[in-house]
Every structure is written in structure tokens, then in C-alpha cells.
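Values reported hereafter were calculated over all heavy atoms of this structure, with side chains retained and with hydrogens, waters and symmetry mates removed. From a predicted model like this one, the values you see are computed outputs, not experimental measurements.
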Amino acid sequence: MMAAASEARSESAEGNKAGKHLYGLFHYNSTMLRFESLPDPTDTWEIIETIGKGTYGKVYKVTNKRDGSLAAVKILDPISDMDEEIEAEYNILQFLPNHPNVVKFYGMFYKADHCVGGQLWLVLELCNGGSVTELVKGLLRCGQRLDEAVISYILYGALLVSQLSSPVHVYGETPLLEPLSGWPLRNPPPTLLHPERWCEEFNHFISQCLIKDFEKRPSVTHLLDHPFIQRVHGKVLFLQKQLAKVLQDQKHLNPVVKTRHERMHTRRPYHVEDAEKYCLEDDLVNLEVLDEDTIIHQLQKRYVDLLIYTYVGDILIALNPFQNLSIYSPQFSRLYHGVKRASNPPHIFASADAAYQCMVTFNKDQCVVISGESGSGKTESAHLIVQHLTFLGKADNQTLREKILQVNSLVEAFGNACTAINDNSSRFGKYLEMMFTPTGAVMGARISEYLLEKSRVIKQAAGEKNFHIFYYIYAGLYHQKKLTEFRLPEEKPPRYIADETGRVMHDITSKESYRRQFEAIQHCFRIIGFTDKEVHSVYRILAGILNIGNIEFAAISSQHQTDKSEVPNAEALKNAASVLCISPEELQEALTSHCVVTRGETIIRANTVDRASDVRDAMSKALYGRLFSWIVNRINTLLQPDKNICSADDGMNVGILDIFGFENFQRNSFEQLCINIANEQIQYYFIQHVFALEQMEYQNEGIDATPVEYQDNRPLLDMFLQKPLGLLALLDEESRFPQATDQTLVDKFEDNLRCKYFWRPRGVELSFGIQHYAGKVLYDASGVLEKNRDTLPADVVVILRTSENQLLQQLFSIPLTKTGNLAQTRARITAASRSLPPHFSAGRPKVDTLEVIRHPEETTSMKGQTVASYFRYSLMDLLSKMVVGQPHFVRCIKPNDDREALKFSQDRVLAQLRATGILETVSIRQQGYSHRILFEEFVKRYYYLAFRAHQTPLASKESCIAILEKSRLDHWLLGKTKVFLKYYHVEQLNLLLREVIGRVVVLQAYAKGWLGARRYKRVREKREKGAIAIQSAWRGYDARRKFKKISNRRNESAVHICAGAEPREHPALFHPMGRPSDQSGDPYPTVTADTRGTAQVPDCSEPGDHKVLRSSVSHKSGPRADGSSGHAETSSNSPAIAEKDRHPHAQSSSKGCDVFTGHSNQHSVWETDLLSSGTCHSAPDRPGLSASRRALAKPDSENGLVQKQRIPRRRCQQPKMLSSPEDTMYYNQLNGTLEYQGSKRKPRKLGQIKVLDGEDEYYKSLSPVDSIPEEDSSAHPFFFSLSSKGASFAQP
């Protein structure tokens, strides 16, 4: 999708020659749904009217041009971020056309528009029943309500559709899905209006749906199993009919269908025919005639057309429109993302994008300076820049982005107020630093606040108000019925927020905006990460400040002192002490008396009424100032970068300065003096970067450029800030004298400030005038000394430190820095709790806010500190942050003082243009070179454009010329050590560099892909070989293990068979060691096993014709079985056995012993050889053998002739063996022939000897003698048992 967007942007840039796109969407080429291949909807459908409005588009009623049928169409803008949602919606509609809860889908169309971007049309079935909301509203108008069963059916249908796709995405007002849309996002979660009127299951279902913690919130599957939804089962058809009847009844009662008629947007900026008209007029530098009248005329013409932004080179002029414009949506954020500036109209997003691209490209901090008069739109411009930077620096942490967007709203609620010329005037200086990773992803933020106007807490000028937060909290607590808890009155307003009109309480209780703002502030607290306990403590401190303002003092006389104060009404005192969790007696003592330490003795002196009032007001200002500073520090703690992602030192910053504007009221006091001095400092910073530094470099580098004259305010700044005769230094000096007054202060100013910028008007006692860069301002010196001192008695600090409110203790335990703010605290906080909302961080370590980080300019002794000293250090700290980054200027202009839209006052605008030096700025941007880059840095940055990647060109003029000529730039100059470029050159070079780097990245991607594929192939082959080796080893191991088990089982069986054979008719059949049985005394044969694993079978011989061979089983030494079993394992590779395998088998004589009962007339001798391989071998000729045994073994004996007469066996008899290689060869040939002919049975393999089956043809050919009758052989169970164990018997 990014590739598609980039392609669209490049096409837009190339198409700029034919016609430049105005405020609209960029070209969109989707690679997912292929919108361009879809048919054009205008051939089939025609829009009739607007019937709804959704999140991503509008819903219209359309008619089919062919058959006149009606349908509904959702028109969506093809935004890249919506591709997945659009595809999910399309899949549901396409693949579930017959689902009972999905509307019919008539197709998707694409309407191409090369100016404002294409439109995607989803044509659906027209639901005439309306939405559930309209149905419910109609019932309420009639005094009715939906039955709970019908509600459960509607919710059941909505949940079924939600289960079709994850995540579910709904456009417009789909009738069944509307009740659930947006519920989990409401904060605090709503409940039923009258829970007692509904069943317990319905209330529980609603509470489950609205759980704020999404980890604990049930899924759709769980909700379908809820008892309230389970009611529907078995009643679907009945409930459908009931709902249809309700809809029909409502249709008769309310026949008029509510239709939302809306006009299409047809303002001039969106017309293509006007594009060429504004191409050259976007930048005032392109004007051929350069004078004040031409600039004013040009700005006025653009302002009437609602083109409020205009370029002056790389500087942006923004006129306040005094109305909401629809040019700040996410579509416009994508429009101003990494494109050439000339491709789009001037916009505040373009300035933000320029700062972001410079930061990422040059790896250097940036600074956006927003300046202008009060009411010119600086605060809103700062909001928009933060919004766009957050969009550009998108990170995986969605919660962090939400927190950053909420910061401004929260801080401005505490720091902004309504003044005579601005309803949302910043009463403090704010420098917001957004921190990014080296790759450009936002990772945190930090706020620096300066010069909060604390005096506004205790007193406001006529027509002005206190800080916003006091009205918000009062309205919120009033609607929550909590005013009593915070000891606030419900009828009479507190003194600090009361005004001369007496309508404050009426506005607080009746205005819906105050209540909504209070809910928004609560939402901000939660999103950023404040705990509920902290928020509650903040509310208590604010309520305590309001209660402190209600404390009044009265003078009393005593015997020794006549000027003494007391608190006549103790109720306000008790309320304040209760809310602040301190003792009311101690609070009264701290307000009405003070301690003086003289010569080691402590003397308590009473305060006069005026002094007690000053102490009360100083306490209120200190409480609010420290609370505001703590909130800022807490925000910084919660938004600090995660060290696991990137260190703050490795990242880059974009700073946004939003400071109070230049002010000139009917009565200007000490606050306006500080504000205007700060604006003088910002103007000086602008002049230095735009004029002074540029012309200074012209001289140093030998560049022939026409100098531009400008008004330098450096002498005026020296008059304010220099020591010891500057205005602020004289103010501090006079403040140290206890007997000094405001009159002596003005006299001192007149005596020491002898310059053209200072004057003292005649006939006015306590006043003086200053000639600022923006005009003359007359200041009132009344109360300036007391405001500058800003003393807070130590008794008050001690009392507040003893509070039971932990936050209040912290506010007065943490020391102040030289800028007058609380020192930043070291917070031990985990990365998870930094990126998650507070309710997800339960059980995590809490922040230790009492562990203090020492600020480099921190001081714990503030006795000599004044507001003027705080102000001076604040300016120094602000400038130290600004000079680090590359500046980007936004000059805000107020078109009129009446705050009316489309009203352009030429005189008022011209005065601001003259004060800000816009005319000189246009001149120097036309003639000058705003970018001056060292040869070394220029070559290092852009050598890719003219040299190969492996080359390292020298940092010389020749290398710079090669790069510039290769880039085809003109109007550049080379100095002694620097390249001088126009303001537009750097943008062109950056675009070329980005294109080259993009091609390099593509090549790298292919190379890395090929290397990765080759590496993967090698690893895969290696793994396959390893797998084969492992499988082979395992199979071998498994075969050997099975073979050992079989061998052991056969050996054990043979031993048990031999040991269990009982001679019944001939008890002397077997006897041990060749002795007669009558000598052993044991009538049963015995099998002995020696320790070497050899089993001895007794040799039985008897006089007469009964002779038995002794059989022995010999085993090779090897792995032995357990000693307890008494059985020995065998091995098939014994040399002795192999030798025996090569001899013919010995056969017993016909006069052998008959061991079978019932066959005494038939004499046979069996010779048994039990071997580990399962084959049968002849017994070895050993010295222990009897003579008869040796006689039987002779091949030329009489018994040997009998061996040749082989009797064929039947099935289940012991198979015969091939004992010669010739037999084996012949058998193999014959078996192959038989197999080819279709033989049913194949030989089995036992070890290395092939054993023939009883039905084998070759076996029959070798055994011509008739076989034993089957019934006779079956009568000998011992024979078959022995043959099944692998023993071999030879029969005569």
C-alpha cells in the first residue's frame, strides 16, 4: 500500500505542470482490491438523496437507471489505512449474500476522479425500516418501548454479524449493528437510564459490553452465550414476526421518513479549473511587484477564498479564519506526507512535514516557532502540527500517540483563560518536544512550561475570566452532585471566579459546554495515565483554592496592638482546611500572624488585614503554580521514552513553541510586560536567523549579495535584560527595599532608562511606555513591586507540608528550579505502564515522586528569587532549547479584532506585517540564500547523486559542482567553504536523494532476498542431511533393540521348554552330565546354566535301543541379562557358530528314544540345537559326548543314509533349511520363476538363512517321501510348541 501511495504522489507531482491539485485527496492506486478494474457506477446508478452518514463516508439513496429499482450506496474514500476494513466488508457482503442478518449486495463500483481522488461505491439493499435508533425514538415519542425479547433478538443478530469478521467494520447506519457501535469507547461507560425498569440479565449484559478494560471485556462468542441472548433460541421466527409488526405499526404512526438532506461540497478550492490560478500565488516570493499594497491585496484575495495559508519562501503565513475548516482530516495528512511542497497548496501540515523530513534526512533536531498576536491562532496551529507529526511518526504503540494528542488539551485547561481579545488565550509559555527514534517513529514527548500567569488565579481584569479548569470542575462536580463533598457553594460563586455580571453560576449550571469539557478533562487524565487517586487530589486542591479565596479578614483592636486581623466567618476557613486536609486552627494562625527570628528568639507578630489578604492570595497562587508544574512533570514522566526501544540521547526532537502572543490592552500591567518581553525575544530569534546570520555569512564567504535592511530589536532587548541598568534588574533592585513603592520604581526607570524606546507620559503618575517591535504600549505600574516579590511566608509552607493529602505534601516538599518550576522527579516506572492506560497497570510499581533529580540550575534557597529573575532564567532556558534545532517559522496573523469570519481589515493586517517584517522577509527570500551548507557536509549528504556508492569524493568545490550540475539546479553559489542554496533547492535535492536511496533500497532488498533464499536452502539441505542421519541412527538402534528382545525371548523360551519337558513313560530320557537318571535321584531332566551363559541340556542314554543325544546351546560372551533371571543373551556373530553353519546337520538314528506318549511303537530320535539367531545348528563334537552321539554324527554311518530321506512337512511344522550355497542359488532362481508365475507365498528371511515354507515347490521337489498324516502330527503339542519357538527337529 505504501508503494501505491508513493506512486500516486509521484504522479501527482508530475501532473503538477498540467494542473495542480488543490485541497483534496491524492491519486489512489490500490493493489489489494484493484479499484480501477471495477465498473463506473454512474452508468447504472443515480443518487437521489442523502440518507445517512457513517464514519468513513456517507450513505445515499440511489435508483437503477435501467429498471428503476431503489438501493442504498455507501460512498467511501479509498484511503490506504482502510484497505483491510474495506476488504473485510466486501468479503462479508460478497460471500454471505443469503445470510439472514446481512443485507443484499448488488456490487462494488469505482468512480475515478483525478482531482480529489476516486470514490468507492458499495451498493446494498435499501432498508426502509430505518435504524434501530429511529425505531426506539419513535416508540419513545408514543410512550412505548421495545420488549426485552425483541431487544435480545436484535442484539443476537448484531452479534452474529460481528462474528463473521474480525475486527468487524461497519459503515453508515446498518440497522442491526448500530446499537453496539462505539459502546466500548465511551468513557465513563454509560448504563441504562432506569436500570430498575429492566431485568437483571439485561443490566448485566450491558455492563459486560461496556467494560473499559478490553482485556477483561468479553468477546462476541462469550456474549452469544449470555443468558439474555440465549432467550432467542427457539423463538427466532416468532420474534421476527413481532419485530416486523412493531416496524409496521411505527410506519403507520410516523409515515414521514427522516431524511438528511445535505449539499455537496462545491467550494472553489476543490475545483480543478481554479488550480492554475493559485499556482504562482501560493508563494509571495513569486510576485513580480513587491510592495505592501500588493502583499495585502494578495493575502485578502486568498483569505476570501478560504485559502488561509501562504508561503513566503520557507516561512508560512497563517491567517485566523475564525471558523472551522474541513482541511485537517486524515486525508489531508496523507496528502502532505513526504511530497514536493509545490505539489499541494500551502498548509500547516506542509510545515510540519518539512520539519519531520529534515529531521529524518539530516538526523538533526528541528524547531517550529509559532508567533503572532494574541488571538491570531497560535494555539490551534500548534495542535495541528502535533497532530500531523503524530501521524508522520506512527509507531506500533497506539496508546502513546493517543496520549500525546491529549497533552495539549489537558495542559491548556490549566494554562489557558478567556481574555478581552481571545476566548482561549495561552497564559503561559509552552515548548513541546516530540521525541523520535532514528527511523522517525515517535517514542515520547516532553513539555517545558514558562511564566504561568499565577496572578490570574486571585484577580482578573474586567471582561476576563479565571483559568478554564475552575469552571470545568465546578460544572462537573455540580452535575455529579459532589459540590458538598468538596465544600463548594451551589448558589453563590467563589470570589476567585465571580465577575461583575453575576451570571457565573448560571453559566456553570446551564452551559452544556462546561460539563462536556469536564468529561473531556477526565478522559485526558485517564488516557495520559493519571491514577484516580491523583485526579481526586488535584480536584481537592483546586476546590481548596476556591475555598481559600472565600476567607475574609476583619481588623480588631487589642490592649497592646490596634492593627490586628481575624477571620470573622470561620465557615470558609473550615471548608478550606477540610478540603486541604490541614488543621483550621493552624491555617488561621498562619494567615493572621507570622514569625520573626531576631537574635535567636522567635517573635510572633500579627498580620494586618491587608497583609493577611496578601498571604491568602500568595498561598492560592503558590498552590496553583506548583500544582500546574506538578501536572507538567507528571506528564513528562508518563510520556518519557522507553529505554528498551531507544535511548533519549540517540533519538531526535522536533520542538513546537506555543507562547503567549503580543498583548496591548486598555490596562497593561506587569503580566503584559513579561509577555511582550518574551515576544521581543522570539522576534529577535526570527530576525537573527532570517536576516542577520544570512547577511553575515555573505560577507564572510565573499558572496556578492544586495544587503536587505531590517529593523533590529537588539537594543530594545538590551534595555530589558542587561545588568545592572536593565529594566528587570532595576525592578529586582527596587523589590529588595522594604520601603520601596510603585512610584519610586517608576522614578528609577525614568532616571536610568534613557533611550528612545522608553518614555513616561505626562499627567499619569504610575505609568510608563515602551516602544515595542509591534507598536507602543502603555503600562500601569500599580502593584508591580508586590507581584514581582511573590513572597510566600514560611509558616504557610510548614502548614501545607503537614497536610494528610500526599500530593499536597509533595508540592511543597520538592524544591523549585531557577525558572520557578518544580524540579523534575525521578520516576521508577516500567515500560508497560508507560504505554498503557492506568487501569491496565494495576499491580505495577507506583511512581516514587519524592525522589528528586537535581536540576542543573536548581536551588533550594529562594529567598532572593523574584518573578523577574524567574522570567530571565526562563528565557535563557527556552533559547537554549531553540538554538539546538533548525528553525521553521509560522507567522500567525489576526485579520480583524472582532473575531468575525471572512472579515479582512487591511490596516490591522498591515500593522502586523510591518511589525513582523514580512516585507523584508519576502525581499531577502527573493534575493538571498537561506541554506548555507559546508562543503564537507554537502558532499557527505548528497554524493550519491553524482558518485558511486563505493567512492569517497573529496570535500572540495569540484565535488560540490559535480553534484549540483548532476542535479540540474540553477541559481546557486559557492563561497569559500559553503554552498549557498535557495530555499527550494534543498527540497529538490532531498527528493532526488530519496529517489536514489529508494532504488538502492530496492536493490538491497533483492540482494538480501537472494542471499536469504540461498542461506535458507543451505540450512534446509543441512537439516535434511541431519534428519537422515538421525533417522538412520535411530532405525539402526531400534532394529538392534528389537533384535535383542527377540533373541532374549527365544533363548528364554528354549530354556523354559527344555527345563519343563517331563519324561513320563521313560523317566531316564534326560539326566544331568550324561549320568543315568537312577544315579541322580531326580526323575526330571535338569538344565544347568553356567556363569558364561552356556545352558547345558542333560544327555540321556539308556541301554537298549533307546538313545538320546545331548543338546547344548552355546552363547558368545556379550551383553548379559539380569542375574536374577538366570537367562543368558546370545549373539549371532560367534565364530564358532559360523563355523558350525558350514557343516551338514547331524541326524539321529531310527533307534532313538520315543519321547511322545502314545507312540511307543514308533521310535525316533530328535536332535535339537538352539541358537541365538533363531536358526538350528548341529551340536558340536565335544569330548563330553557319548559314543553313541559321535556315532550318530558320522556322515558315512547308517543313520546318515536316513538323513537324505526328507519327509515334507505340512503347515505349522518346523521348516527345513538350505544348508549349501548351491541349494540357495537354485532356490532363488526357482522362487523368482514362481513369483513371476504368480506364486502366492514368498520365503521369509530369518537372519542370513532363507527358510522355506511348507507349500514351496522346491521344498516338495526335495522331499519325495510322503508326509506324515496331519492328524498324527497334530497330536503332539510339544512338537508344535517347540517348532514355534524356532527349534529345528529332524525326523527319519
Is any side-chain heavy atom of [X] less than 4.5 Å from a side-chain heavy atom of [Y]?
{"X": "T63", "Y": "W45", "answer": "no"}
{"X": "R999", "Y": "V996", "answer": "yes"}
{"X": "F205", "Y": "I151", "answer": "no"}
{"X": "V59", "Y": "V73", "answer": "no"}
{"X": "D353", "Y": "H337", "answer": "yes"}

Side-chain ion pair, R302 and D282, N-O less than 4.0 Å: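 Between D282 and R302 there is a salt bridge, with a charged N closer than 4.0 Å to a carboxylate O.
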
Hydrogens and angles aside, do Y328 and Q387 bring a side-chain donor and acceptor to less than 3.5 Å of each other?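 Checked: Y328/Q387 side chains show no N/O donor-acceptor pair below 3.5 Å.
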
Establish, from distance only, whether the side-chain atoms of H226 and H204 form a donor-acceptor pair under 3.5 Å. yes

Ring centre gap for Y156 and H233 strictly below 6.0 Å: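 Centroid distance Y156-H233: below 6.0 Å, so yes.
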
Distance flag, aromatic centroids of F391 and F349, threshold under 6.0 Å: no

Is R145 positioned over the aromatic face of W198, cation under 6.0 angstrom from the ring centre and no more than 45 degrees off axis?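 Output yes; distance and angle both within limits.
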
Calculate, to the nearest 0.5 Å, the distance between atoms CG and CD belonging to L224 and Q230 respectively. 8.0 Å

side-chain contact (heavy atoms from CB on, under 4.5 Å) partner of I404, chosen from T390, L389, T399: T390

Closest non-hydrogen atom pair between Q406 and C524, with its separation: OE1-SG, 2.9 Å

